[in-house]
Amino acid sequence: MSTAQRIAFLKGHGTENDFVIVPDPDGRLDLPAAAVARICDRRAGVGGDGLLRVVRSAAHPEARASADEAEWFMDYRNGDGSIAEMCGNGVRVFARYLLYAGLAEAGDIAIATRAGVRRVRLDRSGDVTVSMGRAELPEESVVVTLDGRSWPARNVNMGNPHAVAFVEDLAHAGELRGVPPYSPAAVYPDGVNIEFVVDRGPRHVAMRVHERGSGETRSCGTGACAVAVATARRDGADPARTGTPVTYTVDVLGGSLSITELPDGTVEMTGPAVIVAEGDFDPDWLAAALA
């Protein structure tokens with residue numbers, strides 16, 4: 001696609017997990033990893049934990065099979081440009097953008113992702129509820145080691161991989177500038193999101209997270225879901241056995257999310273999503289970024 005014309009972007013966040021939103025309904029814009037990383041750079045670009053490209057499912061080869069079920073595909077990229085299967089906060093912001101742009105109405109909407117179609121319920125008040133699918137709990141586990149401390153981590157997959165470690169103090173996670181060491185590495189051949197979790201009260205926890213490809217972020221939606229499920233199992237709660245939903249409040253650095261696991265295994269996440277700005281890329285700058 002020629003970059004001679006100005007190309008629009010928006011900025012949004014969900015509990016301060018922030019994203020650059022690039023509308024590309026017909027799938028004409030090629031965004032290589034280096035260009036995404038440049039756009040997400042907080043000093044040399046727009047800045048964001050990741051990028052959401054808004055594409056009609058019928059126009060994207062990875063989503064065409066879902067076009068009859070979901071009109072829109074969330075082409076999500078991490079801040080370093082790598083492709084990710086899913087982003088819970090990103091789905092909420094994506095849905096908020098569709099409402100903002102007049103591409104969807106308040107109510108229920110289906111959004112295609114690389115982890116499958118996600119059902120979203122959005123209203124005009126700000127909160128968005130996402131049906132995140134079922135958590136998988138692989139038997140393999142890892143040990144996370146940091147600054148002389150080690151913790152066993154629960155393996156949870158929410159369409160993307162997570163390692164959930166319960167710690168005594170969130171400060172024990174350190175600065176989280178690099179990937180926290182874990183072993184055996186073979187459990188997560190494509191990398192992993194690592195959550196450090198402390199208790200705050202009954203069915204109330206707080207977390208910090210190192211996101212694969214982005215570093216520490218202010219929030220991680222799939223991570224909050226993984227944390228809620230891992231905490232429920234630690235607490236002996238399993239809705240599939242009891243027939244009773246279980247809800248946890250998960251505090252993140254950027255706010256709070258409400259996570260409910262239903263008896264059929266479906267995990268629902270509710271939280272805010274905000275569009276904060278919109279503009280256009282400078283054509284020369286974008287051309288250089290894409291070169």
Side-chain angles (χ1 to χ4, degrees), residues 15-18 37 40-43 47-50 78-82 84-89 135-237 248-257 259 267 269:
T15 49
E16 298 183 8
N17 193 188
D18 62 334
C40 291
D41 190 298
R42 296 192 181 278
R43 292 178 175 83
D49 292 324
N78 294 313
D80 66 355
S82 59
E85 303 92 340
M86 178 57 187
C87 176
N89 288 319
E136 295 180 5
L137 299 168
E139 293 184 2
E140 301 93 341
S141 61
V142 300
V143 173
V144 177
T145 302
L146 199 60
D147 295 334
R149 296 183 177 91
S150 294
W151 306 274
R154 184 69 186 257
N155 190 347
V156 183
N157 194 293
M158 287 300 310
N160 57 355
H162 296 268
V164 179
F166 293 94
V167 301
E168 300 80 15
D169 190 321
L170 289 181
H172 291 169
E175 296 183 350
L176 286 185
R177 290 183 178 174
V179 180
Y182 61 90
S183 63
V187 173
Y188 300 109
D190 298 317
V192 63
N193 305 285
I194 301 177
E195 288 81 25
F196 297 88
V197 185
V198 296
D199 289 296
R200 290 287 188 242
R203 295 193 176 177
H204 185 182
V205 295
M207 61 175 265
R208 289 176 62 194
V209 58
H210 185 282
E211 286 199 62
R212 177 183 56 168
S214 296
E216 183 173 21
T217 60
R218 302 282 297 172
S219 178
C220 176
T222 56
C225 293
V227 163
V229 172
T231 307
R233 298 302 181 274
R234 184 205 63 176
D235 293 346
Y248 280 82
T249 298
V250 181
D251 294 342
V252 295
L253 295 179
S256 293
L257 295 165
I259 311 298
V267 179
M269 172 185 61

TODO: Report the C-alpha distance between D169 and R149 in whole Å, list the side-chain angles of each, state the deciding distance to 0.1 Å, and finish with yes or no for salt bridge (charged side-chain N to carboxylate O under 4.0 Å, His left out).
DONE: CA-CA 12 Å; D169 190 321; R149 296 183 177 91; over 6 Å; no
Task: Worked check of side-chain contact (heavy atoms from CB on, under 4.5 Å) between H210 and V179 - done: CA-CA 7 Å; H210 185 282; V179 180; 3.7 Å; yes
Task: Verdict with reasoning, D251 to H204, per side-chain hydrogen bond (donor to acceptor under 3.5 Å, both in side chains) - done: CA-CA 8 Å; D251 294 342; H204 185 182; 2.7 Å; yes
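Between P161 and G191, the shortest heavy-atom contact is CG-O, 3.3 Å. Across all their heavy atoms, A163 and V192 have their closest contact at N-CG2, 3.6 Å. Nearest heavy-atom pair, V167 versus V198, reported as atom, atom and distance to 0.1 Å: O-CG1, 3.4 Å. Closest approach of G213 and S82 over heavy atoms only: CA-OG, 4.4 Å. When all heavy atoms are compared, the tightest approach of P184 to V142 is O-CG1, 3.9 Å. Considering all non-hydrogen atoms of both residues, T222 and G88 come closest at CG2-N, 3.6 Å.
Within the 4.5 Å cutoff, the side chain of M158 has heavy atoms near those of the V267 side chain. R233 is not listed as a side-chain neighbour of D235, based on a closest heavy-atom distance of 4.5 Å or more. P180 is listed as a side-chain neighbour of F196, based on a closest heavy-atom distance under 4.5 Å. A heavy-atom distance below 4.5 Å is not found between the side chains of V252 and E195. Proximity of T15 to L257: side-chain heavy atoms (C-beta onward) are separated by under 4.5 Å at one or more points. Under the 4.5 Å side-chain criterion, counting only non-hydrogen atoms from C-beta, V250 is in contact with M207.
Proximity of a side-chain donor or acceptor of R208 to a complementary backbone N or O of G174 within less than 3.5 Å is detected. Between the side chain of Y188 and the backbone N or O of H162, at least one donor-acceptor pair lies under 3.5 Å. Looking only at distances, a side-chain donor or acceptor of T231 sits under 3.5 Å from a matching main-chain atom of V227.
Atoms CG and CG, from N157 and L137 in turn, are 9.5 Å apart once rounded to the nearest 0.5 Å. Atom CG in N17 sits 10.5 Å away from atom CZ in R218 (nearest 0.5 Å). Summarising the geometry, atom CG belonging to N155 is positioned 6.0 Å from atom CD belonging to E140; distances are rounded to the nearest 0.5 Å.
Under a 4.0 Å N-O distance rule, the pair D18/R42 qualifies as a salt bridge. At a threshold of 4.0 Å, the pair D80-R212 does not count as salt-bridged, since none of the basic side-chain nitrogens sits closer than that to a carboxylate oxygen.
Defined by atom type and a distance below 3.5 Å, a donor-acceptor pair is missing between the side-chain atoms of D49 and S214. E16 and S219 share no side-chain donor-acceptor pair at under 3.5 Å.
None of V143, V187, I194 except one satisfies the side chain to side chain contact (heavy atoms under 4.5 Å, CB included) rule with Y182; the exception is I194.
Heavy atoms of other residues, nucleotides or ligands lying less than 6.0 angstrom from CD of E175 number 12 at most.
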